[in-house]
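Okay, so here's the structure we're looking at.
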Amino acid sequence: MIMPIVIAWRTRRGKINYGIGAGMIINDEGWIVTAGHILEQMVDLYNQVQTSKQKGRKQTQNQVTDYAAIIGKTPANLKNITIEKNLDVGVGQIDKYTPEPCQTYPRFRVRKVEQGELLCRLGYPFVNNIHPTWSANGGFVFSNLFPVPMFVNEALVSRFVEIGSGMWIETSSPGLSGQSGGPLADSDGLVCGIQVNTKHYPLEFQGAGRNQVLNVGRAAHVKSIRQILDTRSIPYLKEDI
C-alpha cells in the first residue's frame with residue numbers, strides 16, 4: 001500500500017514548515033519502506049523537540065519545539081527504525097498498527113530488472129496546499145490533505161550504479177519532490193525499486209551553454225531492498241514465478 005508521508009514542525013518563533021514524501025506499508029505488522037532521508041529527518045526533528053524540553057538548555061528562535069508526522073491518516077509513531085545511508089533506504093514499524101479490512105500490500109519483483117525497461121514512478125509531487133496549522137489544543141491540523149493526488153511518470157531504466165554493497169537504478173526521467181520513498185514499479189505493479197533522489201549530470205556539449213544538465217532519477221534496486229528486509233527477517237510479498 002502506497003501512502004503519503006507528511007511531516008510538520010514548528011519553531012519557537014511560531015514558524016511552521018512541512019514536507020511530503022511517499023512510503024509503502026508492506027505487511028500486517030505495520031512495517032514501512034521509504035527513502036532513508038525521510039526517516040532521518042523524522043528522527044532529527046523528534047530529537048530536536050526533546051532537546052527543546054530540557055531545562056537550563058539555551059534555546060534559539062529556530063529551535064524546533066513541536067513536530068508531527070502521519071503516514072496516510074495514521075500517526076507515524078515509528079519504532080525499530082533502520083536507515084541504510086549509503087542506499088538512502090529506510091525501514092521502520094508503525095507502533096500499535098491496525099491494518100484496514102481487506103488491505104492489500106505491494107509485491108516485490110524477483111525477476112531481473114532489465115536495462116531499457118519501461119517502469120513508472122509513483123508519489124505525491126503536487127501537494128502544495130496542505131498548509132498545516134497549530135491548533136489551540138496543541139497539535140497540527142492538516143487541511144486540504146485528503147484525497148491526496150498521486151502522480152505517475154514513466155521512466156526508462158538507463159543504467160545500474162553500484163553503491164557500497166547495494167545498487168541504484170538510474171532512470172531517464174527525474175524524480176519529483178514528493179516522490180521520494182515511492183515505488184518504481186513495472187506494468188504488473190511489482191516493486192522494482194524505491195525512489196531516493198535525482199542526479200544532475202553536467203553536459204559539456206560545445207555551444208550548449210554552461211548550465212545544460214541531464215536530470216536522471218535514482219531508485220534503490222529491489223534486490224538491495226529485499227536484502228535489507230531479509231537480513232532483518234521482515235516479512236513481505238514477492239512476485240510469483
Side-chain angles (χ1 to χ4, degrees), residues 1-10 16-27 30-45 67-78 81 83 87-94 97 99-100 103-108 118-133 140-155 168-169 171-187 189-200 215-220 222 225:
M1 174 177 287
I2 305 165
M3 308 287 282
I5 300 177
V6 183
I7 303 171
W9 63 98
R10 188 174 74 132
I16 295 176
N17 299 290
Y18 73 93
I20 187 167
M24 295 187 300
I25 301 175
I26 62 171
N27 59 37
W31 285 96
I32 69 166
V33 178
T34 185
H37 64 266
I38 293 178
L39 294 191
E40 195 169 19
Q41 184 184 32
M42 291 167 66
V43 171
D44 178 63
L45 289 169
Y67 151 77
I70 56 174
I71 299 174
K73 297 181 180 180
T74 304
N77 299 320
L78 299 181
I81 293 175
I83 300 172
L87 280 171
D88 197 7
V89 172
V91 298
Q93 188 176 20
I94 301 173
Y97 176 71
E100 297 179 2
Q103 185 162 311
T104 59
Y105 299 106
R107 288 186 177 272
F108 290 78
L118 181 62
L119 304 177
C120 64
R121 188 184 293 105
L122 294 81
Y124 308 92
F126 300 122
V127 182
N128 54 12
N129 63 341
I130 301 174
H131 303 306
T133 57
F140 288 99
V141 177
F142 299 94
S143 60
N144 302 317
L145 179 56
F146 296 101
V148 186
M150 182 183 290
F151 184 79
V152 178
N153 56 336
E154 295 179 336
W168 280 332
I169 300 172
T171 58
S172 58
S173 63
L176 305 174
S177 176
Q179 289 183 322
S180 288
L184 189 66
D186 64 16
S187 58
L190 298 170
V191 177
C192 297
I194 296 291
Q195 173 68 23
V196 293
N197 60 52
T198 292
K199 176 69 175 178
H200 310 288
N215 300 310
V216 299
R218 277 182 170 174
V222 64
I225 298 168

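Small disclaimer: the values here were computed from a predicted structure and weren't measured. Throughout, numbering of the chain's residues begins at 1 and tracks the sequence.
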Give, for atom [atom1] of [X] and atom [atom2] of [Y], the distance between the pair rounded to the nearest 0.5 Å.
{"X": "Ile16", "Y": "Arg10", "atom1": "CD1", "atom2": "CZ", "value": "6.5 Å"}
{"X": "Phe142", "Y": "Tyr18", "atom1": "CZ", "atom2": "OH", "value": "10.5 Å"}
{"X": "Ile71", "Y": "Met24", "atom1": "CD1", "atom2": "CE", "value": "12.0 Å"}
{"X": "Asn17", "Y": "Ile7", "atom1": "CG", "atom2": "CD1", "value": "11.5 Å"}

Would you name the heavy atoms of [X] and [Y] that are closest together and state the gap between them?
{"X": "Phe140", "Y": "Pro132", "result": "CD2-CB, 4.4 Å"}
{"X": "Ile20", "Y": "Pro4", "result": "CD1-CB, 4.2 Å"}
{"X": "Cys120", "Y": "Val152", "result": "CB-CG1, 3.7 Å"}

Open item on the list: Please evaluate residues Met150 and Tyr124 with respect to the criterion side-chain contact (heavy atoms from CB on, under 4.5 Å), reporting the C-alpha separation (whole Å), side-chain torsions for both, the decisive distance (0.1 Å), and the verdict.
Closed with: CA-CA 5 Å; Met150 182 183 290; Tyr124 308 92; 3.4 Å; yes
Main-chain N/O of [Y] paired with [X] side-chain donor or acceptor, under 3.5 Å:
{"X": "Arg121", "Y": "Ser173", "answer": "yes"}
{"X": "Asp88", "Y": "Ala220", "answer": "no"}
{"X": "Ser177", "Y": "Pro125", "answer": "no"}
{"X": "Gln195", "Y": "Asn197", "answer": "yes"}

Name the one of [options] that satisfies side chain to side chain contact (heavy atoms under 4.5 Å, CB included) with [X]?
{"X": "Ile32", "options": "Ile38, Asn27, Ile81, Leu78", "value": "Leu78"}
{"X": "Ile25", "options": "Ile2, Ile94, Thr34", "value": "Ile94"}
{"X": "Leu184", "options": "Thr171, Ile194, Leu122", "value": "Thr171"}

Open item on the list: Apply side-chain contact (heavy atoms from CB on, under 4.5 Å) to residues Met42 and Tyr67 and explain how you reach the verdict.
Closed with: CA-CA 9 Å; Met42 291 167 66; Tyr67 151 77; 3.3 Å; yes
Task: Glu154 atom CD, neighbour heavy-atom count above 12 within 6.0 Å - done: no
